[in-house]
Amino acid sequence: MCKLLYSGRSLTDIAHEAGLSDSAHLSHFYRHWYGQSPSYSRDRESVKFFS
């Protein structure tokens, strides 16, 4: 699911790909597991990756 966030697809498409009914369910589960919304995680200015 995280990889899909950076694919440019809509949150609804990502939710369906993950087996969820809509983006609201995606947001609920994502916030539960990661502590932030998927749209916040998608924002490259908010989240930095280190390799």
Between Thr12 and Ser10, a side-chain donor and acceptor under 3.5 Å: no

Salt bridge (charged side-chain N to carboxylate O under 4.0 Å, His left out) against Arg31, all qualifying residues, sequence neighbours excluded: none

Heavy-atom donor-acceptor pair, Arg9 side chain to Ile14 backbone, under 3.5 Å: no

Aromatic plane relationship, Tyr30 with Tyr34 - under 30° parallel, 30 to 60° tilted, over 60° perpendicular: tilted

Enumerate, atom names and distances included, each donor-acceptor pair closer than 3.5 Å involving a side-chain atom of residues 15-22, sequence neighbours excluded.
residue, atom, partner, partner atom, Å
His16, NE2, Ser21, O, 3.0
Ser21, OG, His25, ND1, 2.9
Asp22, OD1, Ala24, N, 3.2
Asp22, OD1, His25, N, 3.0
Asp22, OD1, His25, ND1, 2.8

